[in-house]
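Below is one structure, written out as structure tokens; comments come after it.
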2 protein chains.
Amino acid sequence: MKDEKKRGRPRAFDAKATLAKARDVFWDRGFAAASLDNLSAATNLNRPSLYGAFGDKEDLYLDTLEGYRQDGMYALAQALDPSLPLRDNLARVYEGALAVYLHGETAARGCLLIGTATVEAVERERVREVLGRSLSDFDGEIEKRMRLAVERGELPESADPQMLARLASAVMHSLAVRARAGDSRETLEAIARSGVELICGSARS
Amino acid sequence: MKDEKKRGRPRAFDAKATLAKARDVFWDRGFAAASLDNLSAATNLNRPSLYGAFGDKEDLYLDTLEGYRQDGMYALAQALDPSLPLRDNLARVYEGALAVYLHGETAARGCLLIGTATVEAVERERVREVLGRSLSDFDGEIEKRMRLAVERGELPESADPQMLARLASAVMHSLAVRARAGDSRETLEAIARSGVELICGSARS
DNA sequence: CATATTTTGTACCGTTTCGCATTAAATTCT
DNA sequence: AGAATTTAATGCGAAACGGTACAAAATATG
């Protein structure tokens, strides 16, 4: 399913690598301020090639968002390894997020979705749909782990897995915004630690 | 200090009302996607008048952000009325926020700062500065109330007012993002309730 | 009333924007 | 080898962009 020789002239670029470069442009500038010329320069692709391969600017943007979402979900599942205590799971989630969020040149980039899709969500339905789905998928994955924690006794029976998951996500949303607002790594790590403590606090383990 | 008769032709518009209309445009479209024509149409002001009164687009945007920040700080101080229990204070903060965030035509607008300034913060230092200051001022105001709560015994001595305040803000940040992502009022209210419960949970009152 | 000063409205400028039309190049199929 | 097909590259073009020059209008001052 990989190397089906297609008929015409072969592509001189790797679609995945191109998407990654386009993603970085959107990440820094946002969707609206990223011009096709910016994207063309960053990907070393002419505008017509970009257009032919990915569609218009919004299509390309949605592609990068979808890839980012999938990468995030994979990293989340890794961090939530159920053989580790819930506390460690959450700490790993935040640690991994901060590693991504703080990687910026002039200023930290935060989260691609929260940092750049949120602003477009009001007027672009497709963006709003991806953003909404990304957030709720994220919640859902954490919720699964929370439910397991209740079953195992890591959390008391009275704990509400769905709500705890949403609050765990809330801390991440805040880290994403604050990173982009210029908060220091130390501050963000302190918030992450306190978040873990508060959410796992009811666990007497 | 109000009605100093200035020399030339008087202004035919109210600066504050104009800023409010411009703010609405930025709120829906974001800074980058809001054109001077959009702003001119919404404010019923010609572009040169806009420019003369508020400077360039970024200046105008920063003005609206600053006004929004001040309004928010005032509303926050009101909600944190120290004659009420901490629980009620937090609930009022979130209730007031949701009333603002859910007011949208097609989709909910969320928070002007988190929804539209975050994306510009990376490349526009002045926006990043206002956003950072807004977030930390907000944290600080809640922190004051948290410290009072510890003094009064609403929270245990072991509670960390600064961190609890930052986590209380985190819930707000999440509400802001989720509103714009299309979450329902019911969902957001449930998150707010759970947030209050979790943060005030250590209070045995 | 004349002058100075500020705001308003029209029109315009150079640039950038997105998207596409067209042609050249590279590969497979016959 | 030649036809068919897909991609690459150049360049165009109409529209939108932010910003400003300039003249007309409206007020205060002398």
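Quick caveat, the model's predicted, so the values are computed rather than measured. A, B, ... follow the sequence lines: proteins, then strands. Residue 1 opens every chain.
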Measure from the side chain of A:Leu36, starting at C-beta and using heavy atoms only, and say which of C:dC18, D:dT5, C:dA26 lies closest.
-> C:dC18

Which listed nucleotide (D:dG19, D:dT29, C:dC18) is nearest to the side chain of B:Asp56?
-> D:dG19

May I have the distance from [X] (atom [atom1]) to [N] (atom [atom2]), rounded to whole angstrom?
X       : N      : atom1 : atom2 : result
B:Arg11 : C:dT5  : CZ    : P     : 18 Å
A:Phe54 : C:dC18 : CZ    : P     : 17 Å
B:Asp37 : D:dG19 : CG    : C1'   : 11 Å

Using the ring-ring contact (aromatic ring centres under 6.0 Å, His included) rule, collect all pairs that involve residues 67-86 of chain A, keeping only residues at least two apart or in two chains.
-> A:Trp27-A:Tyr68

With sequence neighbours excluded, residues passing side chain to side chain donor-acceptor pair (under 3.5 Å) with [X]:
X        : value
B:Ser158 : none
A:Asp59  : A:Arg126
B:Asp137 : B:Arg69

Can any side-chain N or O of B:Arg180 pair as donor or acceptor with the backbone N or O of A:Thr118 at less than 3.5 Å?
-> yes

Between A:Asn38 and A:Tyr51, the residue closer to the 5' end of DNA chain C by nearest nucleotide is A:Asn38

Residue mapping more 5' on DNA chain C - nearest nucleotide basis, A:Gly8 or B:Ala12 = B:Ala12

Determine: side-chain N/O of B:Ser35 to OP1/OP2 of D:dA16, distance under 4.0 Å, yes or no.
-> no

Any side-chain N or O of A:Arg7 under 4.0 Å from OP1/OP2 of D:dA4?
-> no

Pairs: protein N or O with nucleotides 9-11 of chain C N or O, under 3.5 Å:
{"from": "C:dG9", "atom 1": "OP2", "to": "B:Asn46", "atom 2": "ND2", "distance (Å)": "2.6"}
{"from": "C:dG9", "atom 1": "O5'", "to": "B:Asn46", "atom 2": "ND2", "distance (Å)": "3.2"}

Pairs flagged by side chain to side chain donor-acceptor pair (under 3.5 Å) wherever residues 166-176 of chain A is involved - sequence neighbours left out = A:Asp139-A:Ser169, A:His173-B:Ser174, A:Ser174-A:Arg178, A:Ser174-B:His173

Hits for ring-ring contact (aromatic ring centres under 6.0 Å, His included) against B:Tyr61, two or more places apart or cross-chain, chain-then-number order -> B:Phe26, B:Phe31

Does the pair B:Glu95/B:Arg92 count as a salt bridge with the N-to-O cut at 4.0 Å?
-> no

Partners passing salt bridge (charged side-chain N to carboxylate O under 4.0 Å, His left out) against B:Glu189 (at least two apart in sequence or in another chain) = B:Arg185

Applying salt bridge (charged side-chain N to carboxylate O under 4.0 Å, His left out), name anything that partners B:Asp24, two or more places apart in sequence or on another chain.
-> B:Arg109

For the helix from C:dC1-D:dG30 to C:dT30-D:dA1, measure the angle between the helix axis at one end and the axis at the other, each built from five pairs, rounding to 10°.
-> 0°

Per-pair distances, 0.1 Å, donor-acceptor, side chain in residues 46-55 of chain A, under 3.5 Å, sequence neighbours excluded:
none

Listed in order of residue number, which residues of residues 13-22 of chain A have a non-hydrogen atom at under 4.0 Å from DNA chain D?
-> A:Phe13

Heavy atoms under 4.0 Å, any strand shown: does B:Ala32 hit a base, just sugar-phosphate, or nothing?
-> nothing

